[in-house]
2 protein chains.
Amino acid sequence: MSLDRTDRRILAILQLDARLTNQRLAERIGLSPPACLKRVRRLTESGHITRQVAILDPERLGPLLHIVVEVTMERDRKDLYQRFLLRAVANPAVKQCYQVTGEVDFVLVVVVPDMNAYDRFCDDVLYADDNLRKFRTLVSRFRNKFDTAIDVGEPAM
Amino acid sequence: MSLDRTDRRILAILQLDARLTNQRLAERIGLSPPACLKRVRRLTESGHITRQVAILDPERLGPLLHIVVEVTMERDRKDLYQRFLLRAVANPAVKQCYQVTGEVDFVLVVVVPDMNAYDRFCDDVLYADDNLRKFRTLVSRFRNKFDTAIDVGEPAM
DNA sequence: CGTGAAATATGTATCGT
DNA sequence: ACGATACATATTTCACG
């Protein structure tokens with residue numbers, strides 16, 4: 001499906017602030033509320049908008065460890081990759097998983113309350129896979145930026 | 001500020017689906033709509049909820065490259081780190097930035113439309129810093145998981 | 001897409017526990 | 001301090017042009 005300028009403006013705005021009422025959104029893009037609502041619904045049903053979520057401040061919910069894990073597999077076999085992925089993606093500590101090219105095969109972003117929980121994660125996901133050759137743990141001291149918005153070709157303003 | 005079970009249930013629900021009306025949220029946690037609204041507002045004003053956003057499907061907005069970049073600095077000086085951070089965080093292609101311990105100093109998640117844009121990013125952020133010793137580029141072929149929710153100690157259900 | 005009206009939801013004031 | 005009820009305001013949503 002193709003998006004016009006108005007659709008992309010809606011996306012640009014909503015990915016920065018989804019708390020806007022449809023009415024205010026409509027006036028910001030210069031449309032009547034029903035016309036605007038129809039577009040938002042279309043964008044949601046077409047899957048352009050996958051969901052709307054509240055972003056929490058991790059700092060305020062007790063100490064949380066953000067850890068980047070690089071995983072290198074033994075053999076490059078699709079079925080073994082898939083087996084690892086299933087376990088990784090199913091684990092609630094794994095917040096992001098990227099399959100990358102190069103020496104490393106996967107990069108995970110793992111969020112856990114403490115190092116004990118990270119040990120458990122290692123047992124459950126990493127050591128549990130016999131095709132995993134090695135992994136490298138990068139413990140984050142600060143998360144300096146976390147932005148969920150992507151470029152849609154239109155400014156939100 | 002301390003959160004009770006009800007607050008944490010609200011957070012658990014809203015970080016999965018912020019499209020819920022206050023009325024439905026209220027009935028799900030067993031409160032009257034006004035009482036529920038007061039809590040949500042308190043959680044927003046206290047900064048526990050930092051914002052509400054629409055998450056878009058990157059696949060449907062033209063091809064996008066997700067790239068993990070590991071950055072290693074020359075000298076471990078706070079002011080030079082800060083200078084790098086300012087540039088990195090200000091760049092719109094940088095979606096996430098973690099300051100990590102170990103051999104690597106920073107991990108960035110960069111999202112760009114293509115390799116040309118990545119080259120520009122390298123010039124603007126990486127090569128522009130004379131305290132940067134080396135960086136490693138991990139190009140993502142698939143993003144298998146992207147979850148913005150964190151554990152709040154209560155299930156959303 | 002816009003208008004207007006009906007159905008819902010939000011927000012406020014007040015009272016009770 | 002917290003929650004419920006009732007009422008007023010605002011928003012969503014539908015039918016129609």
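Residue numbers start from 1 in every chain, and the chains themselves are labelled A, B, ... in the order their sequence lines are given, proteins ahead of strands. Quantities reported herein were computed from a predicted structural model and do not represent experimental measurements.
Atom CZ in B/R24 sits about 14 Å away from atom C1' in D/dT11, given to the nearest Å. Protein atom CD of B/E45 is 13 Å distant from nucleotide atom C1' of C/dG11, rounded to whole Å. Distance CD (A/Q23) to C1' (C/dT8): 13 Å, rounded to an integer number of Å. Between B/L37 atom CG and D/dT9 atom P the separation is 17 Å, expressed in whole Å. Between B/R5 atom CZ and D/dG3 atom C1' there is a gap of 17 Å when expressed in whole angstrom units. Atom P of nucleotide D/dT12 and atom CG of B/L20 are separated by 15 Å, given to the nearest angstrom. Rounded to an integer number of Å, the gap from CZ of A/R19 to P of D/dT11 is 16 Å.
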Under the ring-ring contact (aromatic ring centres under 6.0 Å, His included) criterion, do B/Y81 and B/F84 qualify, and how do the steps go? CA-CA 5 Å; B/Y81 271 45; B/F84 170 75; 8.2 Å; no
How far apart are the C-alpha atoms of A/N131 and A/R77, what are their side-chain angles, what is the distance that settles it, and do they pass the side-chain contact (heavy atoms from CB on, under 4.5 Å) test? CA-CA 9 Å; A/N131 190 46; A/R77 262 175 50 193; 5.7 Å; no
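Distances shown here put every side-chain N or O of B/R42 at or beyond 4.0 Å from the OP1 or OP2 atom of D/dC2. Side-chain N/O atoms of A/R39 include one lying less than 4.0 angstrom from OP1 or OP2 on C/dC1. Side-chain nitrogen and oxygen atoms of A/R41 include at least one within less than 4.0 Å of the OP1 or OP2 phosphate oxygen of D/dC14.
When the options A/R41, A/K38, A/R39 are evaluated for a salt bridge (Lys or Arg N to Asp or Glu O under 4.0 Å) with A/D7, the one that passes is A/R39.
Taking the six-membered ring where tryptophan is involved, the planes of A/F135 and A/Y127 are perpendicular, since the angle between them exceeds 60° and thus also 30°.
Comparing C/dC1, C/dG2, D/dT5 by their closest approach to the side chain of A/S32 singles out C/dG2. Side-chain atoms of B/L31 lie closest to D/dG3 of the nucleotides D/dG3, C/dT10, D/dT11.
Residues B/K38 and A/N22 each lie close to DNA chain D; by heavy-atom proximity, the contact nearer the 5' end of the strand is made by B/K38.
With a 6.0 Å radius and a threshold of 12 heavy atoms from other residues, nucleotides or ligands, B/R19 has its CZ atom above the threshold.
Within 4.0 Å (heavy atoms only), B/P34 reaches at least one base atom of the nucleic acid.
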